[in-house]
Amino acid sequence: MQKGAKGWPYRSKPVRFGYGNSLRLTEKRHFDRVFRQASVRRAHPPLRLIAIPNAKTTPRLGIVVGKRALRRAVDRNRLKRAIRESFRNEQHRLPSMDIIIQAMPGKDGMNDSTEWANALSLLWKDLNGEG
RNA sequence: CGAGUUGGCCAGGCAAUCGCUGGCAAGAUUUUUUGUCAGAGGAAAGUCCGGGCUCCAUAGGACAAGGUGCCAGGUAACGCCUGGGGGGCGUGAGCCCACGGAAAGUGCAGCAGAGAGUAGACCGCCACACAUUAAUGCGUGGUAAGGGUGAAAGGGUGUGGUAAGAGCGCACCGCAGGCUUCUGGUAACAGACCUGGCUAGGUAAACCCCACCUGGAGCAAGGCUAAAUAGAAAUCCGUUCGCGUGGUCCGCGCGGGAUUUGGGUAGGCUGCUAGAGACAUUCGGUGACGAAUGCCGUAGAGGAAUGAUUGCCCAAGACAGAACCCGGCUUACAGGCUGACUCAAUCC
């Protein structure tokens with residue numbers, strides 16, 4: 001791929017911003033482990049972060065957006081995409097932890113994308129402080 | 001040009017960069033890299049119907065329960081669609097209708113009113129008797145034309161008739177019957193004719209009756225492969241008991257016994273997208289639709305992809321996200337394009 005050399009002169013070495021399967025929580029037991037043994041809990045409404053250290057070299061992300069938080073499937077998809085995108089951009093600054101981002105039911109600002117963005121950046125900052 | 005009716009179609013576009021999922025090819029060699037191609041909807045929604053598919057019997061019998069309900073056609077099927085009939089609304093194009101049976105039975109109907117389903121005398125009208133002075137009062141009887149009540153008063157209008165009245169008689173309209181009359185129509189039905197009499201009110205998305213239809217569960221269905229652990233399959237025999245099976249019973253299958261052989265949860269793979277398929281032309285049909293020929297290749301995730309940032313353009317972007325697949329219905333929806341038709345005005 002040419003892009004690293006040509007289109008992105010400000011990036012000195014090729015750092016990948018992908019979001020493959022190794023960066024995701026893919027099974028129910030992974031989620032259960034995080035919820036049970038959570039060592040970090042932070043909340044910036046409308047979002048909540050739960051995390052534990054993992055044995056990998058990278059962070060892993062899981063997203064929980066329930067029907068009670070956002071009724072319409074379109075809105076749930078939009079929020080999940082925003083969270084994934086944010087994680088993708090932040091992943092190299094984050095410690096190696098299994099992280100779950102959860103939408104809090106019954107909070108305002110669920111449909112406001114700037115609220116998500118603010119909450120996410122605060123959560124990432126908190127997590128770096130912990131790590 | 002204005003007002004309106006109805007059918008079809010579209011659902012911001014382009015570019016750059018960073019990402020996601022899948023197919024194919026190549027490299028690496030056991031799950032990654034590179035290239036390339038593809039990647040949400042008209043409703044993907046509500047889950048209200050109908051099918052396919054899978055397992056339980058090949059889905060079978062009885063009862064129960066539910067659904068449908070003018071006729072004909074279309075279809076894999078339908079509660080859908082098309083055409084027709086009947087009724088209602090609209091000047092019209094057109095729109096709306098759960099549109100079988102109330103003389104099989106049961107039930108229900110507030111208030112008002114004399115009386116509400118075997119009708120019924122409150123006022124009025126009429127006759128007779130009595131009282132007093134012509135008129136009135138009182139009593140007895142007749143009367144459903146008029147008033148009044150009500151959503152509804154037991155056919156309507158006219159005429160004869162009568163003490164006053166009344167389908168009491170007659171004419172027309174309406175109604176019922178003609179199962180086996182005639183004409184048109186495949187039929188629903190329409191028209192004609194004959195007979196009858198005025199009875200048989202409403203309600204069946206009240207029970208009910210009649211006709212027709214419906215077995216149950218669902219892709220977490222089901223199949224293959226398989227750590228831990230010792231629960232299995234095939235064949236034969238048998239039907240006390242338990243389970244499959246759903247509301248019940250019958251029936252059927254499995255567990256049971258014998259023989260032989262090897263099996264199975266987490267996980268993985270599969271089911272998983274080529275289908276009642278799309279488009280074009282021709283032919284048949286009023287139409288829904290069907291047939292033939294040609295041509296196209298069109299999401300397939302699985303904690304769940306189709307996004308983010310930036311720029312430009314315009315009329316400034318609604319409702320909304322596939323989860324086994326189709327056919328419908330219903331509901332939501334910014335705006336735009338387009339076919340046909342109606343009404344009114346004007347011009348020729």
Side-chain angles (χ1 to χ4, degrees):
Chain A
M1 204 154 110
Q2 325 277 315
K3 292 153 193 162
K6 214 155 110 186
W8 293 82
Y10 50 83
R11 194 189 288 170
S12 53
K13 55 180 181 177
V15 179
R16 303 201 64 82
F17 282 81
Y19 180 57
N21 260 327
S22 61
L23 298 174
R24 310 184 189 193
L25 299 177
T26 56
E27 286 172 36
K28 180 162 167 45
R29 57 169 187 270
H30 297 152
F31 279 79
D32 289 346
R33 198 174 76 95
V34 175
F35 278 118
R36 256 202 313 278
Q37 305 170 14
S39 60
V40 180
R41 286 174 181 276
R42 288 285 184 279
H44 287 284
L47 299 178
R48 174 191 289 148
L49 178 145
I50 302 161
I52 56 170
N54 65 17
K56 316 255 173 180
T57 56
T58 56
R60 292 195 298 179
L61 178 70
I63 302 171
V64 177
V65 180
K67 224 170 191 171
R68 288 179 57 209
L70 280 169
R71 231 172 55 72
R72 294 187 307 167
V74 176
D75 297 333
R76 289 198 295 277
N77 283 341
R78 191 174 298 136
L79 177 56
K80 285 192 270 188
R81 282 166 187 157
I83 294 170
R84 268 200 298 275
E85 182 69 15
S86 176
F87 173 81
R88 201 169 64 78
N89 288 322
E90 293 286 332
Q91 56 180 291
H92 295 292
R93 288 197 279 272
L94 294 174
S96 295
M97 300 182 88
D98 284 349
I99 302 160
I100 291 178
I101 302 289
Q102 187 178 22
M104 298 167 78
K107 298 287 178 187
D108 295 334
M110 240 357 134
N111 287 309
D112 188 346
S113 54
T114 59
E115 293 249 3
W116 306 339
N118 289 340
L120 279 168
S121 63
L122 286 170
L123 288 172
W124 299 141
K125 207 174 285 175
D126 285 1
L127 197 60
N128 280 321
E130 294 288 330

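Naming: A, B, ... by sequence-line order, numbering from 1 per chain. Predicted model only: the values in this text are computed from it and were never measured.
- Nucleotides B:C56 and B:C99 have their P atoms positioned 45 Å apart, rounded to a whole Å.
- Residue A:Phe35 is the one, among A:Phe35 and A:Ala82, whose nearest nucleotide of RNA chain B lies closer to the 5' end (criterion: closest heavy atom).
- The heavy-atom pair separating A:Leu47 from A:Met104 by the smallest distance is O-SD, 3.6 Å.
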Listing time: all N or O pairs from protein to nucleotides 317-322 of chain B that are below 3.5 Å?
from, atom 1, to, atom 2, distance (Å)
B:A320, OP2, A:Arg72, NH1, 2.3
B:G321, OP2, A:Ala73, N, 3.3
B:G321, OP2, A:Val74, N, 3.3
B:G321, N7, A:Asn77, ND2, 3.1
B:G321, O6, A:Arg81, NH1, 2.9

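- For B:G42, the O4'-C1' to base torsion is within 90° of 0; the nucleotide is therefore syn.
- Shown here, B:U298 forms no base pair; nothing in the strands shown gives a Watson-Crick or G-U wobble contact with both key distances under 3.5 Å.
- Closest approach of A:Met97 to A:Ala51, counting heavy atoms only: CE-CB, 4.0 Å.
- Figure legend. B:G311 is base-paired to B:C14; pairs are counted as Watson-Crick or G-U wobble with both atom distances under 3.5 Å.
- Remark: A:Ile52 pairs with A:Arg33, A:Val34, A:Gln37, A:Ser39, A:Asp98 by the side-chain contact (heavy atoms from CB on, under 4.5 Å) rule, at least two apart or across chains.
- Base pairing of B:U203 is made with B:G107, judged by Watson-Crick or G-U wobble geometry with both donor-acceptor distances under 3.5 Å.
- Atom P of nucleotide B:G19 and atom CG of A:Asn89 are separated by 10 Å, given to the nearest angstrom.
- Distance alone, capped at 3.5 Å, places no donor-acceptor pair between the A:Glu90 side chain and the A:Phe87 backbone.
- Under the 90° criterion around 0 for the glycosidic angle, B:U273 counts as syn.
- For B:G339, the base is anti relative to its sugar; the glycosidic angle deviates from 0 by more than 90°.
- Pair assignment for B:U143: B:G124, on the basis of Watson-Crick or G-U wobble contacts that are both within less than 3.5 Å.
- For the pair A:Arg84 CZ and B:U309 P, the interatomic distance rounds to 15 Å; values are reported in whole Å.
- Judged as a side-chain contact (heavy atoms from CB on, under 4.5 Å), and not counting sequence neighbours, the contacts of A:Gln102 are A:Phe35, A:Arg48, A:Ile50, A:Val64.
- A pairwise comparison of heavy atoms in A:Leu120 and A:Ala82 identifies CD1-O, 4.2 Å as the closest pair.
- The gap from the P atom of B:C272 to that of B:C325 amounts to 10 Å, rounded to the nearest Å.
- Taking atom CD on A:Glu85 and atom C1' on B:U306, their separation rounds to 13 Å, with Å as the unit.
- Rounding to whole angstrom units, CD1 of residue A:Ile83 and C1' of B:G303 are separated by 13 Å.
- As rounded to the nearest Å, B:G277 and B:C53 have P atoms that lie 15 Å from one another.
- Here the C1' atom of nucleotide B:G303 and the CD atom of A:Gln102 are 13 Å apart, to the nearest Å.
- Atom name C1', nucleotides B:C252 and B:A102: the rounded distance is 46 Å, in whole Å.
- Whole-Å rounding puts the A:Arg76 CZ to B:A323 P distance at 12 Å.
- Nucleotide B:G271 carries an anti base; the chi torsion (O4'-C1'-N9-C4 or O4'-C1'-N1-C2) is more than 90° from 0.
- With P as the reference atom, B:A98 and B:A217 are 29 Å apart, rounded to whole Å.
- Using atom C1' as the reference point in both B:G120 and B:A166, the two lie 15 Å apart (nearest Å).
- Of all the heavy atoms in A:Ala119 and A:His44, the pair that sits closest is CB-O, 3.4 Å.
- Following chains of ILVMFWY side-chain contacts shorter than 4.5 Å, one cannot reach A:Leu122 starting from A:Leu49, and the two form parts of different hydrophobic clusters.
- With a cut-off of 3.5 Å on both pairing distances, the Watson-Crick or G-U wobble partner of B:G66 is B:C213.
- When the P atom is used for both B:G69 and B:U58, the distance is 34 Å, rounded to whole Å.
- Across all strands shown, the partner of B:U293 is B:A280, judged by Watson-Crick or G-U wobble contacts whose two distances both fall under 3.5 Å.
- The distance between atom NZ of A:Lys80 and atom P of B:A304, rounded to the nearest whole Å, is 8 Å.
- Only the C1' atoms considered, B:A266 is 28 Å distant from B:G22, to the nearest whole Å.
- For B:A323, there is no paired nucleotide, since no Watson-Crick or G-U wobble pair has both relevant distances below 3.5 Å.
- The minimum heavy-atom distance linking A:Arg76 with A:Leu70 is given by the pair NH1-O, 2.9 Å.
- An anti base is found at B:A334: its glycosidic angle is more than 90° from 0.
- Remark: B:C24 base-pairs with B:G35; criterion is Watson-Crick or G-U wobble with both hydrogen-bond distances under 3.5 Å.
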